Amino acid sequence: MGDNHCHGNDNVRLKEGLPSSEICGKVAAAFAQLGDGTRLKILWILCHSEQCVQGISGLVGMSSPAVAHHLKLLKSANLIVSRREGREMLYRLGDSEECEKIHRAIDDLFHINCVNYSHC
């Protein structure tokens, strides 16, 4: 495609600032995980607490293997992190600024507010 078709826009500047395919792919992968209602619910829980698989299972009413599958997908999208405590693996929202912004966006855009908003 040529750069001559611009409708008065600064297409050269836009093209220079265009995110790479790799970055767009990472963002798309993260948002794809949020497109599933169950994963969104699990992520919301992990925005507000650190939980093990069994704890999440009890909260969402799903089997532990099903929850573990969702956690694997959320973790592969870098939305959550885990740590081992004894024999259990504990999960929570990732530490990145991007994860915090996703948390805020979910809360603010869709009015899914924190249990204790002042501490989130």
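Note that this is a predicted model, so its numbers are computed, not measured.
Closest heavy-atom contact between Ala77 and Ala30: CB-CA, 4.0 Å. Listed here is the closest heavy atom pair of Arg39 and Ala32: NH2-O, 4.2 Å. Nearest heavy-atom pair, Cys52 versus Glu88, reported as atom, atom and distance to 0.1 Å: SG-OE2, 3.6 Å.
A heavy-atom distance below 4.5 Å is found between the side chains of Lys101 and Glu97. A 4.5 Å side-chain heavy-atom check between Ser82 and Met89 finds at least one atom pair inside the cut-off. Residues Val67 and Thr38 are not in side-chain contact: their nearest non-hydrogen atoms beyond the backbone lie 4.5 Å or more apart. The closest side-chain heavy-atom distance from Asp107 to Arg104 is below 4.5 Å. Contact check for Ile102 versus Leu93: no side-chain heavy atoms found under the 4.5 Å cut-off. Inter-residue side-chain proximity for Gln51 and Leu90 is flagged as unmet; no heavy-atom pair is nearer than 4.5 Å. No side-chain heavy atom of His70 sits less than 4.5 Å from a side-chain heavy atom of Gln33. A heavy-atom distance below 4.5 Å is found between the side chains of Ile42 and Val60.
Note: Tyr91 OH to Arg83 CZ = 12.0 Å, rounded to the nearest 0.5 Å. The CG atom of Leu18 sits 6.5 Å away from the SG atom of Cys24 when rounded to the nearest 0.5 Å.
None of Asn11, Asp10, Val12 except one satisfies the side chain to side chain contact (heavy atoms under 4.5 Å, CB included) rule with Leu14; the exception is Asn11.
The same ILVMFWY cluster, assembled from side-chain heavy atoms under 4.5 Å apart, contains both Ile45 and Leu40. Note: the hydrophobic cluster containing Leu34 also contains Leu71 (ILVMFWY, side chain heavy atoms under 4.5 Å, direct or indirect links). When the side chains of ILVMFWY residues are joined at heavy-atom separations under 4.5 Å, either directly or via intervening members, Leu59 and Leu79 end up in a single hydrophobic cluster. Using a 4.5 Å cut-off between side-chain heavy atoms of Ile, Leu, Val, Met, Phe, Trp and Tyr, with links allowed through other members, Met62 and Leu74 fall into the same hydrophobic cluster. In this structure, Val53 is not a member of the same hydrophobic cluster as Leu73, with clusters built from ILVMFWY side-chain heavy atoms closer than 4.5 Å.
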**Asked** Going through the distances and angles, do Glu22 and Lys26 end up as a salt bridge (charged side-chain N to carboxylate O under 4.0 Å, His left out)?
**Response** CA-CA 6 Å; Glu22 179 183 355; Lys26 286 180 182 180; 3.6 Å; yes
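The backbone N or O of Pro65 lies less than 3.5 Å from no partner atom in the side chain of His69, so there is not a single donor-acceptor pair.
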